[in-house]
Amino acid sequence: MPKARVYELAKRLNITARELLDELEELGVTVKNHMSVLDEETVNIIVGLYEEEKKETLRKAEKAKSKIQEKEAKKLEKKLVSIEEPPTEKKIPVEHKARTIKLKSNEFKLDVLAKKMNVPVSKVIKDQFMNGIILRPGQILSVEDAMNIAKNYEWEVELIHEQEINPFDAIVSAYSDAYKESSRLVQRPPVVTVMGHVDHGKTTLLDRIRKAKVAEDEIGGITQTIGAYQVEVRNKKITFIDTPGHEAFTEMRARGAQATDIVVLVVAADDGVMPQTIEAYNHAKTANVPIIVAINKIDKPNANVDLTKQQLASKLGLVPEDWGGDTVMVPVSAKTGKGVEDVLEMILLVAEVADIKCIPEGNARGIIIDSRLDKAVGPLATLVIKDGVLKPGSYVVAGSASGRVKALINEYGKRVKEANPSDPVQIIGFDEVPDVHSIVYAVDDLDTSRSLADFAKSQAQKEKSVTTKRHVRLEEFLSMTGTTDEKKELKLILKADSFGTVEALKQAMAKLENSDVKIEVVHSGIGSVNSSDVMLASASDAVIMGFKVKPDAMARKQAEVEGVQIKVYEIIFNLIDDLKKALEGLLEPEEVDEVIGHGHIKQLFKISKVGTIAGVQINDGYVLKKGKMRVYRRNEEVADLAIEVLKHYKDDVSRVDAPKECGIKAVGFDDFQEEDQLEFHSKKSVKRTIDFTE
Ligand SMILES: Nc1nc2c(ncn2[C@@H]2O[C@H](COP(=O)(O)OP(=O)(O)OP(=O)(O)O)[C@@H](O)[C@H]2O)c(=O)[nH]1
């Protein structure tokens, strides 16, 4: 509405100029007299106020009429003739408990909020105007604004998260639909991951293959490995991924991205089956990936291929073909090169049987196996293509990272014009470093890639704010598996202090199974619960049970992130009893321990008669005096302590938050060292991931 003089506007509003002047004064608008000109904004606000008030009054009149409350209706109608400011609402007494209004994301509008608060829109506008905030009827509000406005009337606003449509689902289902049309599929080269126990020769074998198969001049072009390379054997390609460990392999799977088609399990013939051989095998097995065993170091005088085979059969159930089994085992020496050709031949053979296919054309998708920020070119991601063709100029998205491919670089540092299924390739062009192990999709245009990335970003933020339990918990096993007729299966990862105990536990567990429930030990091993166990549990939806072992610091953190439950026991009876109850659906959710923060010791103060006070920097979260703290030194837990004194400067406090510093005296412990890492934890009756049963 254009500018107007006071008397003109008053006329339009059917009130006297005096009334309008009073109103303006109340709103804090200074005007001289009834001839003063009001600017456009003020006119709009006043008109909005009156119109809203009129509407509100009409609504009330209608309502009153319909309820045959004649008196009220007449009063209100009368009010319409000479509209006055509604009597200021009485302030709700402070002791009145704040009420909650639940709004969907599309309901953050002034009118909706006012209606839900049962306050006329005009009043809200007026009140906010007094606070220096200009609102208009129908205005869309931010969540924060809505909360602030509501607070004035003793209301709280809550955002209802609606089931959002995940735009990535449409892309994924387009690929799965295409996979259903077998005529569209063609074979692609196998992608191979080499796994095995530390020092059994994974790197040497990969290097040997590369040297044997890649022309010298190309090797010369490699300035730094991109984490994958391709070789050609009898005109057929094989891609090797140089994953840093089997955790990475399983993490990809946990994210729904299986990069690997075949696993080569390297076992040194002079050392045999070792704990990480078993871990690696279990990762490959749960991923349902064919395994070829490379029995390595056969050049060594103490190499014993038969003994290794025996161990593979007895410990892993992998029986070699020459003993009547179905596992391909190849004796090799990565050092001399003997048998390496056989490994490659076997990979091709297994690949043929496995019938590895892809959608050869169309928009590409791939799996990121490495990513980093390069000083010269910015975000850099290495991926292995699964389907389609990726070209420079393609628009891509990987989680919250998006962009346009500026350049594609192969493993020899050369720019390439396209990358086809199973090719490893580096992408330059993402706007941020994409998460390693996420899936890259090529899309039609920049808008699509940006909006997908925005969606991923908002999802990630939501996930951060809501602690979701994503995996099975012992207490809820029966209820979570529902009421299907199928036999219910509780998946476990079992870690103990000795092989004997593992075996004893497995036998005891077998006795617990009945016609309705089955226990599947996905992986068992000795030693502390590590991040590999957590990733495997996450990928296979298993609970981790530890007997006389504890999770290491990394595993704890990862379990929190992945929502994996770790239960630790000191007494066999308790472990078995818990399992029994879980299978019978009788296990009560218990009070659990929650990690609330981390810190490290910066300085030590030794005070006679008192003991050692640790000067602590809180890195994240907070510390509670009534909580406890675990002390880690070189990644090993050295103590779990109650806190006797918690000080912030000179004050005794009950809590200190990051990034503050504080002084801590622990109960009965003075043996701190500078740089000890601290993990603060506290009991909570809410369900969490790590339970210390004893
Ligand atoms: N004699 C002999 N030594 C080998 C052979 N393969 C590897 N080695 C040696 O074994 C040691 C470990 O080999 P790597 O290739 O580093 O083993 P890895 O499995 O990659 O080890 P991590 O990366 O630490 O897990 C090195 O000293 C190699 O030279 C082999 O076939 N014969």
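All values below were derived from every heavy atom in this structure, side-chain atoms included, with hydrogens, water molecules and symmetry-related copies excluded. As the structure is a prediction and not an experimental result, all values here were calculated from the model. Counting starts at 1 for both ligands and their atoms, following the listed order. Numbers here are sequence positions counted from 1.
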Ligand 1 versus K300: contacting region, heavy-atom distance under 4.0 Å: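 Side chain only.
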N296 and ligand 1 - part of the residue with a heavy-atom distance under 4.0 Å: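 Contact part for N296 vs ligand 1: side chain (C-beta onward).
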Any N/O pair G201/ligand 1 closer than 3.5 Å: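 Indeed, backbone or side chain, G201 has an N or O that close.
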Contact (N/O only, under 3.5 Å) between A334 and ligand 1: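 In this structure, A334 places an N or O atom under 3.5 Å from an N or O of ligand 1.
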If we only count heavy atoms from C-beta on, is the [X] to [Y] side-chain gap below 4.5 Å?
X	Y	answer
Q276	E279	yes
D306	N304	yes
K548	E570	yes

In terms of side-chain heavy atoms, does [X] have a donor or acceptor partner in [Y] at a distance below 3.5 Å?
X	Y	answer
T501	D497	yes
D271	H200	yes
D620	H598	yes

Heavy-atom contacts with [X] under 4.0 Å: which atoms of ligand 1 show up? List them by number with element.
X	value
D299	1 (N), 2 (C), 30 (C), 31 (O), 32 (N)
D199	10 (O), 12 (C), 17 (O), 18 (P), 19 (O), 21 (O), 22 (P), 24 (O), 25 (O)
H197	19 (O)

Atom 2 (C) of ligand 1 touched by protein (heavy atom, under 4.0 Å):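 At least one protein heavy atom is under 4.0 Å away.
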Heavy-atom protein neighbour under 4.0 angstrom from atom 27 (O) of ligand 1: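 Under 4.0 Å from atom 27 (O) of ligand 1, zero protein heavy atoms found.
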Which residue holds the protein heavy atom closest to [atom], what is that atom called, and what is the gap in Å?
atom	result
atom 20 (O) of ligand 1	T203 OG1, 2.6 Å
atom 9 (C) of ligand 1	K297 NZ, 4.0 Å
atom 25 (O) of ligand 1	K202 NZ, 2.7 Å
atom 24 (O) of ligand 1	V198 CG2, 3.4 Å
atom 29 (O) of ligand 1	T204 OG1, 4.2 Å

Ion pair check, E232 and K237, cut-off under 4.0 Å: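 Salt bridge: no.
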Worked verdict on N420 versus E418 for side chain to side chain donor-acceptor pair (under 3.5 Å): CA-CA 7 Å; N420 290 290; E418 60 177 47; 3.1 Å; yes
Stepwise ring-ring contact (aromatic ring centres under 6.0 Å, His included) check, F240 with Y229: CA-CA 5 Å; F240 286 93; Y229 65 90; 5.7 Å; yes
